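Remember, it's a predicted structure, so these values are computed and weren't measured experimentally.
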Amino acid sequence: MQNDLYALYLRKSRKDMESERLGIDTLERHESMLNAFAKANNIKIGKIYREVVSGDSIAARPQMQQLLSDVENGLWAGVLVVEVERLARGDTIDQGIIAQTFKYSDTKILTPYKTYDPNDEFDEEFFEYGLFQSRREYKAITRRQQRGINKSVEDGKWPYNKAPYGYERYKLSNQKGFSLKIIPEEAKIVKYIFNTYANENVGYGRIAEQLNEMKIPGPVDTWHYSTIKDILVNPAYIGKVKRGRRACVKKVINGEVVTSRPRSSSYKLCDGLHEAIIDESLFNTVKEKFSHHPSKPVAGALEIKNPLSGLVYCQKCGHKMIRRPQDRCRTLIICPVKGCDNISSYESEMEKYVLKYLADYLEEIKLEEQTHTPNTAALDILQNSLNSFNKELITLNEQLDNAYNLVERGVYTPEVFLKRSESINNMIKDTTDKKNDIEKRIDRENKKLNKRNILIPKIENALDVYDSVDIPERNALLTGIIERIDYIKTEHSKRNGPYDNFQMTIHPRIPL
């Protein structure tokens, strides 16, 4: 049943960027505005959702996902926003999801200027029209930004926030935009990389090792072969500016919109205003050497050949482990980090271990279900406690507001105010700690329910069909059950075994 608590949703938009540059905190300003509105209208606030990440879609905004889930479960009587456009600027599907969630949960949307009741025919139309206009405005802003970036590139300016290694970004005087200025110490390293690769027949992996051995700081701490490769192909070092090399491409895969950034052979390349570090002949020599490298299929075109792909992590260095064929019969799973002494193991032995673990884990869950059946009544009791703590926090915050008002009016002396506010803040902290504990207990109870309703059927199905499906499907089955696997092996296997003398810590998606 819906209560009388309301929530605040705060999100920055692109039109706030200018005020942010002037040092104005948009979320703080909006929170103050909405709190004042709530206070004036006697509205009780139960939770504030602060969207600190930038994202156009619901999928890219975790706080919006949480808000929609809570609205769907009837936690709030309404949601306060500074304007409806803050809720959605995504595509039509996203806007429809938001509109329907508020409508079917009978949750109001409140702004300082208008209250929208999604079950009122006129309000519903007004709300949907507002979202539609917001989307149009967003697309217009995006088009203007893209035109501006393309014009900057054509003028030779640097349109990106980050400068490549060897340069620093600076503001052009008496005009809009930025360009690049050479950092002499880093420019010497760039020249060393190009000359070593082009003239000394040294690969970029070995160049990275040399720079690390010389204790030269890299763009991101240590040097990596991929960093060297990116430098060698970057036309910025010959005074060029590129645009569209890795444009975003959206595709619908299995009913979901997936965004990728594939490398494109057709992109805009213009003369930059900045000075070159490398002459064009040296850059072309490097380019020629790259053309003789054997081509590799793009990652998206590769077929999965390892059932444990993406799951196994090296317990020593934390990197994801990879498949390395040894011969026709045997394949190893190894840590790709040079210098890491975690010993590899056979893929088949690791796969066998995982399947045995899942079978044992399934029995453990079933046994637990028989002896400790999850109690849905416990969830109701915990949820009621959580609601009580939320109301108590609201009351305490109101008391703190009153204390501020009384000291401003001169009723409280500063000494009395400090004593009173300290007492209230201690109670707020104590209540918040209790509320957090209740939330953890609710999470544990939900996991118990999820194990019974979700995990048991998933594991049973995976074990039943595993031997009859191909490698990609096996991988899909395992990744649906397992979050990650931490692997370590400290002793080499003897010629005749044992080959399973490793340790694997398996983390199911819903732990016990």
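For the pair Pro336 and Lys320, the tightest heavy-atom approach, listed with the atom from each and the gap, is CD-O, 3.4 Å. When every heavy atom of Leu386 is checked against every heavy atom of Glu439, the shortest pair comes out as CD1-CG, 3.6 Å. Here the closest non-hydrogen pair linking Pro508 and Ile506 is CD-O, 3.3 Å. Shown here for His274 and Lys240, the closest heavy-atom pair between the two residues is CE1-O, 3.4 Å. Contact between Ile238 and Ala276 at its shortest, heavy atoms only, is C-CB, 3.5 Å. The shortest heavy-atom contact between Ile481 and Ala462 is CD1-CB, 3.7 Å.
Contact of the Ser344 side chain with the Cys335 side chain is not registered, since no non-hydrogen atoms from C-beta on lie closer than 4.5 Å. Between Leu80 and Tyr9 the shortest side-chain heavy-atom distance does not fall below 4.5 Å. Residues Phe37 and Leu110 are in side-chain contact: their nearest non-hydrogen atoms beyond the backbone lie under 4.5 Å apart. For the pair Asn306/Ile471, no side-chain contact is recorded, criterion being any heavy-atom separation below 4.5 Å from C-beta on. Contact annotation: the side chain of Leu393 approaches that of Thr432 to within less than 4.5 Å [non-hydrogen atoms, C-beta and beyond]. Under the 4.5 Å side-chain criterion, counting only non-hydrogen atoms from C-beta, Phe102 is not in contact with Lys108. In this structure, the side chains of Lys242 and Pro235 come closer than 4.5 Å at one or more pairs of heavy atoms. Taking 4.5 Å as the limit, some side-chain heavy atom of Val79 sits within range of a side-chain heavy atom of Leu67.
Checked by atom type and distance alone, the side chain of Asn119 pairs as donor or acceptor with a backbone atom of Lys103 at under 3.5 Å. Remark: side-chain polar atoms of Ser69 are not paired, donor with acceptor, to backbone N or O of Gln65 under 3.5 angstrom. In this structure, the side chain of Trp223 engages the main chain of Ile216 through a donor-acceptor pair within 3.5 Å. A donor-acceptor pair under 3.5 Å is absent between the side-chain atoms of Ser32 and the main chain of Arg29, judged by distance alone. A donor-acceptor pair is defined here as one N or O able to donate and one able to accept, closer than 3.5 Å; no such pair exists between the side chain of Glu51 and the backbone of Leu10.
Taking the charged nitrogens against the carboxylate oxygens, Arg474 and Asp470 have no contact shorter than 4.0 Å, which rules out a salt bridge. The residues Glu213 and Arg206 are annotated as salt-bridged, a charged nitrogen and a carboxylate oxygen being separated by less than 4.0 angstrom. Checked for salt-bridge contact, Arg484 and Asp486 meet the test: a charged N lies under 4.0 Å from a carboxylate O. No salt bridge links Glu398 with Lys39; every basic N to acidic carboxylate O contact stays at or beyond 4.0 Å.
Rounding to the nearest 0.5 Å gives a distance of 11.5 Å between CG of Asp120 and OG1 of Thr115. Atom-to-atom distance recorded for Ser179:OG and Leu273:CG is 5.0 Å, nearest 0.5 angstrom. Note that CE of Met350 and CD1 of Ile333 are 5.5 Å apart. Values are rounded to the nearest 0.5 Å. Rounding to the nearest 0.5 angstrom, the gap separating the OH atom in Tyr6 from the CD1 atom in Ile45 is 9.0 Å. Residue Ile228 holds its CD1 atom at 9.0 Å from OG of Ser226, rounded to the nearest 0.5 Å. Between the NE2 atom in His224 and the CG atom in Asp230 there is a gap of 11.0 Å [rounded to 0.5 Å].
Remark: His319 NE2 is loosely packed, at most 12 non-hydrogen atoms of other residues, nucleotides or ligands lying under 6.0 Å away. Counting heavy atoms of neighbouring residues, nucleotides and ligands inside a 6.0 Å radius, atom NZ of Lys171 exceeds 12 of them.
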Criterion side chain to side chain contact (heavy atoms under 4.5 Å, CB included) on Val82 and Leu34, from CA distance to verdict:
CA-CA 7 Å; Val82 292; Leu34 291 175; 4.0 Å; yes
Checklist line | Gln66 and Tyr49: CA distance, side-chain angles, deciding distance, side-chain hydrogen bond (donor to acceptor under 3.5 Å, both in side chains) verdict | finding: CA-CA 8 Å; Gln66 184 61 53; Tyr49 300 83; 5.5 Å; no
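At a cut-off of 3.5 Å, with distance as the only test, no side-chain donor of Asn390 or Lys47 sits close to an acceptor on the other residue. Donor-acceptor pairing under 3.5 Å is lacking for the side chains of Glu72 and Tyr104.
Relative to the ring axis of Tyr116, Lys114 places its NZ or CZ within 45° and under 6.0 Å from the centre.
Applying the side-chain hydrogen bond (donor to acceptor under 3.5 Å, both in side chains) test to every pair with at least one member in residues 154-170, sequence neighbours left out, gives these pairs: Lys151-Asp155, Glu154-Lys268.
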